[in-house]
Trainee: 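Attaching a single structure in structure tokens format; questions to follow.
The figures here come from the full heavy-atom set of this structure, side chains too, leaving out hydrogens, waters and symmetry mates.
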Amino acid sequence: MGTESRAPANALKFGDLLVRLKLIGEQDLSDALKVAPQFGLPIGRTLVLTGFLTDEELQLVVELQPLIASQTLSIDKARGAVTALKAKK
């Protein structure tokens, strides 16, 4: 048995979290997942390079993901943080 850590069953994949937070659509995620291997980069960075996300949005979701996974923060509250970030622009 390997030493590789496994994500909790309730953990959302990063791309799915972006969709739940309404930062990208399902089709945007699907398109990015198709091109990500060509870039050899994580999906978040690929979404920034293709213009679907800003660096600031990516950073925010990276920070929110463990809080959501640990149920410290709800998806609804996380959406509020995303909305606040977008309002700053």
Trainee: Quick one: pull up CG in Leu47 and OG1 in Thr54 and give me the separation to the nearest 0.5 Å.
Mentor: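 So the gap between those two atoms works out to 11.0 Å.
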Trainee: Would you say Ile75 ends up clustered with Val19 if hydrophobic residues are merged whenever their side chains have heavy atoms under 4.5 Å apart, either directly or through other cluster members?
Mentor: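 Both belong to a single hydrophobic cluster.
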Trainee: Could you pull out all residues at least two apart from Asp31 that satisfy side-chain hydrogen bond (donor to acceptor under 3.5 Å, both in side chains)?
Mentor: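 Checked Asp31 against side-chain hydrogen bond (donor to acceptor under 3.5 Å, both in side chains); matches are Gln27.
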Trainee: Considering only residues two or more places apart or on different chains, which pairs with a residue in residues 37-50 satisfy salt bridge (charged side-chain N to carboxylate O under 4.0 Å, His left out)?
Mentor: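 Output for this query lists Arg45-Asp55.
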Trainee: In Å and rounded to the nearest 0.5 Å, what is the CG to CG distance from Leu58 to Leu18?
Mentor: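 Result: 8.0 Å between the selected atoms.
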Trainee: If you compare all heavy atoms of Asp16 against all heavy atoms of Leu12, which two are closest, and at what distance to 0.1 Å?
Mentor: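 Taking every non-hydrogen atom into account, CB-CD2, 4.3 Å.
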Trainee: May I ask whether Leu85 and Leu67 are part of the same hydrophobic cluster, defined by side-chain heavy atoms of I, L, V, M, F, W, Y residues being less than 4.5 angstrom apart, directly or through others?
Mentor: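 Leu85 and Leu67: one cluster.
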Trainee: Do Phe39 and Leu33 share a hydrophobic cluster, counting only Ile, Leu, Val, Met, Phe, Trp and Tyr and linking them when any side-chain heavy atoms are less than 4.5 Å apart?
Mentor: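 Per the 4.5 Å side-chain linkage, Phe39 and Leu33 are not co-clustered.
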Trainee: Which salt bridge (charged side-chain N to carboxylate O under 4.0 Å, His left out) pairs, counting each pair once, include a residue from residues 56-67, with sequence neighbours left out?
Mentor: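 Qualifying pairs: Glu57-Lys89.
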Trainee: Does one hydrophobic cluster hold both Leu41 and Val61, with members joined at side-chain heavy-atom distances below 4.5 Å?
Mentor: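 No, Leu41 and Val61 fall in different hydrophobic clusters.
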Trainee: Return the CG to CD1 distance between Leu29 and Ile43, rounded to the nearest 0.5 Å.
Mentor: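 It is 6.0 Å, given to the nearest 0.5 Å.
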Trainee: To the closest 0.5 Å, what do you measure between CD1 (Ile68) and CG (Leu21)?
Mentor: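 Atom-to-atom, Ile68:CD1 and Leu21:CG are 5.0 Å apart.
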Trainee: Show every donor-acceptor pair shorter than 3.5 Å between a side-chain atom in residues 77-84 and any protein atom, with sequence neighbours excluded, or say none if there are none.
Mentor:
residue: Arg79; atom: NE; partner: Arg20; partner atom: O; Å: 2.9
residue: Arg79; atom: NH1; partner: Asp76; partner atom: OD1; Å: 2.9
residue: Arg79; atom: NH2; partner: Arg20; partner atom: O; Å: 2.8
residue: Thr83; atom: OG1; partner: Arg79; partner atom: O; Å: 2.9

Trainee: Report the distance from atom CZ of Phe52 to atom CG of Leu23, rounding to the nearest 0.5 Å.
Mentor: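 Output value for this atom pair is 12.5 Å.
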Trainee: Any idea which heavy atoms bring Thr72 and Ser70 closest together, and the distance?
Mentor: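 Scanning both residues completely, I find the closest heavy atoms to be OG1-OG, 2.7 Å.
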